[in-house]
Amino acid sequence: MPITTKVSLVRQAPGTYETATVELDDPRQGEVTVKLAASGLCHSDDHVATGDVPVAVYPYVGGHEGAGVVTAVGPNTPGYEVGDHVVFSFLPACGKCEFCAQGLSNLCDLGASLLTGARADDPTSFRMTENGNPVGQQCGISTFAEYTTASVDSVVKIGKDIPLKAAALVGCGVPTGWGSAVNSANIKPGAVVIVMGIGGIGANALQGAAHAGAKTIIAVDPVQFKRDKAKVFGATHAFATIEEAADFARSLTNGQGADATIVTIGVVQGDHVGQALASIRKAGTVVLTGLGNITEAGAPIALGDLTLMQKRLQGSLFGESNPRRDIPNLLRMYQAGQLKLEELITKEYRLDEVAQAYEDMHAGRNIRGLVVFD
């Protein structure tokens, strides 16, 4: 029988997160129910509330970065048992489609269902309901919930010795930022790198750039607090504007510019892309990771500069990470002291404080807020 669970949801867009109680399905074959321990407060869930990322159904329960303990396993679902510790991957990986077969599981075909709020195999079937009416699940998981039911394609088992608060962060923000530097920008030792926007993604792009051996890592953020925190995660320099950062990069490179600029701004606009492209050298790379209004088109790019300077503009989803490979690998690095996780958490919140947490994010007070459950 379905259980009830406390959640944080939006009822419309634009809207504000509010606490509610919904009915949650028992797990079917290929599904598990998880009691959440912690959930990261990613900007993407705020994009749902503002309407920058439209979803198919309201109400809609947010959250796509979390970790917890399995409390129920669907029938005929081998490989999982009650008591397993898991991290949610906001991108499901079926392991069978063309893109998974190529090693591009961040582009798994199941991703087409992420904003429907429904089960991937049946757009009319919802794991959450309120008074018998459908309630959408963010990315098929909805971690702003005391309990959630999800496909095993969206969970990765981890060791029980890993703190779940820290583990929650590797479901989205850490691999997205880290991979933007290591995979998408393909940073080499000695490189000059700019990271635009130092939040939950940008801080991890700094960590990835440092791990890849970049010599100069330039953080850009208008908020002094974030510029100060950037040094903790590997930045060698920090500026309030991209113009200052680009001038500094050119001063180090005989006027050329950065080898790579990674755009991790919370609400990306076309001007940011043009500024990033202008900041890189010949044959340099701009990695676009942040989101804005996903229905808008256009950026002021000098096409001649793109062509004649042989520059590259690269989109990056989940930092081109493979959840089943990279989530465990990042946690091993954390255990070895090679990756900062707890340091990312600026403030902890309760589930009924999600709206306040996003106010704090907009005010520039947090690198990463974390919802913590009992």
Side-chain angles (χ1 to χ4, degrees), residues 1-7 21-40 61-97 100 105 108-111 113-114 116-130 134-172 322-329 331 351 371-374:
M1 296 291 294
I3 64 170
T4 59
T5 184
K6 187 178 175 183
V7 300
T21 298
V22 303
E23 295 81 42
L24 178 69
D25 274 4
D26 282 337
R28 299 181 180 180
Q29 181 176 354
E31 296 181 342
V32 293
T33 297
V34 176
K35 183 180 189 298
L36 269 296
S39 175
V61 180
H64 66 278
E65 179 183 270
V69 180
V70 173
T71 59
V73 179
N76 303 314
T77 304
Y80 294 87
E81 59 184 31
V82 172
D84 282 343
H85 287 203
V86 297
V87 170
F88 288 96
S89 170
F90 82 96
L91 292 175
C94 71
K96 302 172 185 176
C97 70
C100 283
S105 60
C108 175
D109 285 347
L110 292 177
S113 69
L114 290 187
T116 67
R119 286 180 165 93
D121 60 352
D122 184 353
T124 68
S125 178
F126 294 82
R127 299 186 184 97
M128 292 181 172
T129 55
E130 185 182 46
V135 174
Q137 265 186 307
Q138 170 76 313
C139 297
I141 54 179
S142 285
T143 59
F144 292 170
E146 292 178 327
Y147 291 83
T148 192
T149 298
S151 168
V152 295
D153 293 328
S154 299
V155 299
V156 177
K157 286 202 296 185
I158 64 171
K160 294 181 180 180
D161 59 330
I162 300 172
L164 288 170
K165 284 185 188 180
L169 302 176
V170 300
C172 173
N322 177 329
R324 301 203 181 280
R325 177 196 66 197
D326 292 321
I327 287 174
N329 186 52
L331 289 173
L351 184 61
V371 175
V372 177
F373 299 84
D374 294 328

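What you see is a predicted model; the values in this text were computed from it and never measured. Residue numbers count from 1 along this sequence.
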Pairing residues for Ser154 by the side-chain hydrogen bond (donor to acceptor under 3.5 Å, both in side chains) criterion, not counting sequence neighbours:
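In terms of side-chain hydrogen bond (donor to acceptor under 3.5 Å, both in side chains), with neighbours along the sequence ignored, Ser154 is linked to no residue.
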
Please tell me if the side chains of [X] and [Y] come closer than 4.5 Å, counting only heavy atoms from C-beta onward.
X	Y	result
Leu351	Phe144	yes
Thr148	Met128	yes
Val34	Thr71	no
Arg119	Asp25	yes

Counting only N and O atoms by type, is there a donor-acceptor contact under 3.5 Å from the side chain of [X] to the main-chain atoms of [Y]?
X	Y	result
Ser113	Gly111	no
Ser105	Cys100	no
Thr77	Gln29	no
Arg127	Gly136	no
Asp326	Asn322	yes
Asp122	Thr124	yes

When rounded to the nearest 0.5 angstrom, what distance separates [atom1] in [X] from [atom2] in [Y]?
X	Y	atom1	atom2	value
Thr149	Ile3	OG1	CD1	6.5 Å
Tyr147	Leu36	OH	CG	10.0 Å
Lys165	Ser39	NZ	OG	13.5 Å
Ser142	Gln137	OG	CD	4.5 Å
His64	Cys139	NE2	SG	5.5 Å
Lys157	Ile327	NZ	CD1	14.5 Å

Quick one, Leu24 with Thr4, criterion side-chain contact (heavy atoms from CB on, under 4.5 Å). Give me CA distance, side-chain angles, the key distance, then yes/no.
CA-CA 6 Å; Leu24 178 69; Thr4 59; over 6 Å; no

Give every donor-acceptor pair under 3.5 Å between a side-chain atom in residues 84-96 and any protein atom, sequence neighbours left out.
from, atom 1, to, atom 2, distance (Å)
Asp84, OD2, Glu81, N, 2.8
Ser89, OG, Leu91, N, 3.4
Ser89, OG, Leu91, O, 2.7

Closest approach of Cys172 and Glu65, non-hydrogen atoms and distance?
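Here Cys172 and Glu65 meet closest at CB-OE1, 3.4 Å.
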
If you look at every heavy atom in Pro27 and Thr33, which pair is closest and at what distance?
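Closest pair (atom of Pro27, atom of Thr33, distance): CD-OG1, 3.2 Å.
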
Could you go through Val7 and Thr21, starting from their C-alpha distance and side-chain angles, then the distance that decides it, and tell me whether this counts as side-chain contact (heavy atoms from CB on, under 4.5 Å)?
CA-CA 6 Å; Val7 300; Thr21 298; over 6 Å; no

Between Val61 and Gln138, is the side-chain contact (heavy atoms from CB on, under 4.5 Å) condition met? List the steps.
CA-CA 6 Å; Val61 180; Gln138 170 76 313; over 6 Å; no

Would Leu164 and Ile158 count as a side-chain contact (heavy atoms from CB on, under 4.5 Å) here? Give the steps.
CA-CA 9 Å; Leu164 288 170; Ile158 64 171; 4.1 Å; yes

More than 12 heavy atoms of other residues, nucleotides or ligands under 6.0 Å from CG of Asp374: yes or no?
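For Asp374, atom CG is not crowded (no more than 12 foreign heavy atoms under 6.0 Å).
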
